[in-house]
Amino acid sequence: AVGGLVGEGDVIIEKCRSNVNVLGYNYTGGLIGRSDGVISQSYSMGSVTLFEEAETAMGTGGFVGASANSISNCFSASNVIGNSIGTYGGGFVGRREGGSIENSFSYGIVTGDLCGGFSGSGYGNTINCFWDVETSGIVDSTVYENDPIGFTTTEMKTLSTFTDAGWDFVGESANGTEDIWDINGVTNNGYPFLAWMSTGIMDNEQFTVDNYKLEQNYPNPFNPTTTISFSIPSMQDVKLSVFNSNGQLVKELINGVVNAGMHSSTFNAENLNSGIYFYTLQTDGKKLSNKMLLIK
């Protein structure tokens with residue numbers, strides 16, 4: 001079992017995050033590989049990749065590889081990169097082994113065999129959970145009980161989609177006063193985000209990013225998707241753009257105000273030709289660039 005934060009365990013995980021790339025065979029997840037415990041108000045980014053040689057995978061999920069207990073108020077932006085043999089993957093959870101998942105969503109790309117937009121296989125209650133049918137590339141999910149719902153990107157970035165389902169957001173009291181979720185159209189690529197991400201641990205000086213950094217995209221070379229990560233020391237205007245070898249703008253991934261800390265964005269080059277591309281991070285005082293290679 002391999003996870004960005006925990007491999008496997010009967011543990012309590014609350015208000016935690018993972019922004020790393022995970023590679024494994026079985027029970028592989030962005031935050032935790034296999035969970036028998038309780039997880040709440042946590043999220044994952046980066047990518048979750050199944051070894052190409054793996055002939056049978058028990059679970060490959062953007063957030064958790066396999067879950068047998070309880071998950072609530074969590075999300076995954078992780079890309080799930082499976083294979084053509086036996087991925088059994090899902091945008092949020094690879095394999096369900098009972099328990100429940102409530103008020104959670106995913107919007108990462110999902111590729112591989114036997115994959116679902118939210119869940120790959122198994123059983124268990126899924127209550128008020130959603131996934132993005134456009135960014136994931138999958139319009140179905142294989143959970144059998146209380147199926148999650150697939151929405152378009154526009155719907156997934158609309159507050160009422162979630163408040164109508166009873167999610168507790170900042171600024172409303174009809175669904176509770178804990179203020180678990182927030183949305184502002186910019187943070188988390190415009191999707192809902194956990195309120196503690198901007199008001200809790202992220203403000204602790206111990207965890208403050210003190211410089212600008214543009215990471216090498218992963219995977220690289222890539223086909224057709226890759227994840228670009230960067231960090232900034234303070235809230236500011238950010239533009240993250242992709243250019244071809246002739247200097248022509250190919251895609252503007254981010255253009256707006258972004259909170260301090262680590263961030264990532266997915267670039268999909270499905271309609272582009274093989275070759276070298278450049279991605280540039282422009283902020284209030286910095287301009288950083290890296291190159292990447294698309295091979296089809």
Side-chain angles (χ1 to χ4, degrees), residues 3-6 8-20 22 27-48 59-80 89-108 110 116-120 122 124-132 135-136 141 143 146 148-149 151 156 161-162 165-170 175-176 178-183 187-189 191-202 262 264:
L5 184 71
V6 176
E8 180 176 10
D10 181 3
V11 295
I12 296 174
I13 299 176
E14 182 179 3
K15 293 184 179 178
C16 294
R17 63 174 180 151
S18 171
N19 190 16
V20 298
V22 183
Y27 299 132
T28 307
L31 190 85
I32 181 169
R34 186 178 185 277
S35 173
D36 291 311
V38 177
I39 307 174
S40 64
Q41 296 193 50
S42 300
Y43 70 95
S44 66
M45 294 186 173
S47 63
V48 180
T60 307
F63 186 79
V64 56
S67 173
N69 201 331
S70 172
I71 299 175
S72 63
N73 294 301
C74 296
F75 76 86
S76 172
S78 299
N79 295 323
V80 177
F92 188 86
V93 54
R95 177 175 172 79
R96 299 295 312 283
E97 298 178 343
S100 65
I101 302 178
E102 183 174 3
N103 292 8
S104 299
F105 73 94
S106 62
Y107 66 87
V110 182
F118 187 86
S119 177
N125 287 320
T126 307
I127 305 167
N128 295 330
C129 293
F130 315 117
W131 87 93
D132 191 317
T135 57
S136 68
S141 192
V143 172
N146 307 107
I149 300 173
F151 283 114
M156 289 288 291
T161 298
F162 301 89
W167 290 36
D168 185 354
F169 271 75
V170 172
N175 297 328
E178 295 181 68
D179 292 343
I180 296 173
W181 294 94
D182 202 353
I183 190 169
T187 303
N188 194 25
N189 294 313
Y191 295 88
F193 60 94
L194 293 161
W196 69 260
M197 292 167 60
S198 58
T199 61
I201 193 171
M202 297 298 289
M262 293 291 300
S264 64

Check whether any side-chain heavy atom of E8 sits under 4.5 Å from a side-chain heavy atom of Y27, and report yes or no.
no
The reported gap from CG in N103 to CG in N128 (rounded to nearest 0.5 angstrom) is 5.5 Å
Which residues share a side chain to side chain donor-acceptor pair (under 3.5 Å) with S44, sequence neighbours left out
S76, S78
For S100, what residues pass the side chain to side chain donor-acceptor pair (under 3.5 Å) criterion, not counting sequence neighbours?
none
Run the salt bridge (Lys or Arg N to Asp or Glu O under 4.0 Å) test against E97 and tell me which residues pass, sequence neighbours left out.
R34, R95
With heavy-atom distances below 4.5 Å as the criterion, would you say the side chains of I101 and R96 are in contact?
yes
List in chain and number order the residues that pass side-chain contact (heavy atoms from CB on, under 4.5 Å) with V11, two or more places apart in sequence or in another chain; answer none if no residue qualifies.
I13
Could you pull out all residues at least two apart from S136 that satisfy side-chain contact (heavy atoms from CB on, under 4.5 Å)?
V110, W131, I138
CG (D179) and CG (D168) are apart, to the nearest 0.5 Å, by 6.0 Å
Does some side-chain heavy atom of I71 sit less than 4.5 Å from a side-chain heavy atom of S35?
no
Measure the CG-CH2 distance between N175 and W167 for me, rounded to the nearest 0.5 Å.
11.5 Å
Among all residues two or more places apart in sequence or in another chain, which pass the side-chain contact (heavy atoms from CB on, under 4.5 Å) test with D10?
D36
Sub-3.5 Å donor-acceptor pair from the side chain of W196 to the main-chain atoms of Q41, do we have one?
yes
What is the distance from atom CD1 of I39 to atom OG of S67, rounded to the nearest 0.5 Å?
6.0 Å
The criterion is side chain to side chain donor-acceptor pair (under 3.5 Å); which residues satisfy it with N73, sequence neighbours excluded?
W181
Would you say F75 and Y191 make side-chain contact, with heavy atoms under 4.5 Å?
no
Residues two or more places apart in sequence or in another chain: which of them pass ring-ring contact (aromatic ring centres under 6.0 Å, His included) with F92?
F63, F118
Heavy-atom distance under 4.5 Å between the side chains of I180 and L194, does that happen here?
yes
Between atom CD of E14 and atom SG of C74, what is the distance when rounded to the nearest 0.5 Å?
9.5 Å
With sequence neighbours left out, the residues meeting side chain to side chain donor-acceptor pair (under 3.5 Å) with N188 are Y107
Side chains of F130 and F162, heavy atoms from C-beta outward: is any pair under 4.5 Å?
yes
Partners passing side-chain contact (heavy atoms from CB on, under 4.5 Å) against S264 (at least two apart in sequence or in another chain)
N19, M45, T227, S229
To the nearest 0.5 angstrom, please state how far the OG1 atom of T126 sits from the CD atom of E102.
10.5 Å
Summary of salt bridge (Lys or Arg N to Asp or Glu O under 4.0 Å) pairs that have at least one residue in residues 61-73, sequence neighbours excluded:
none
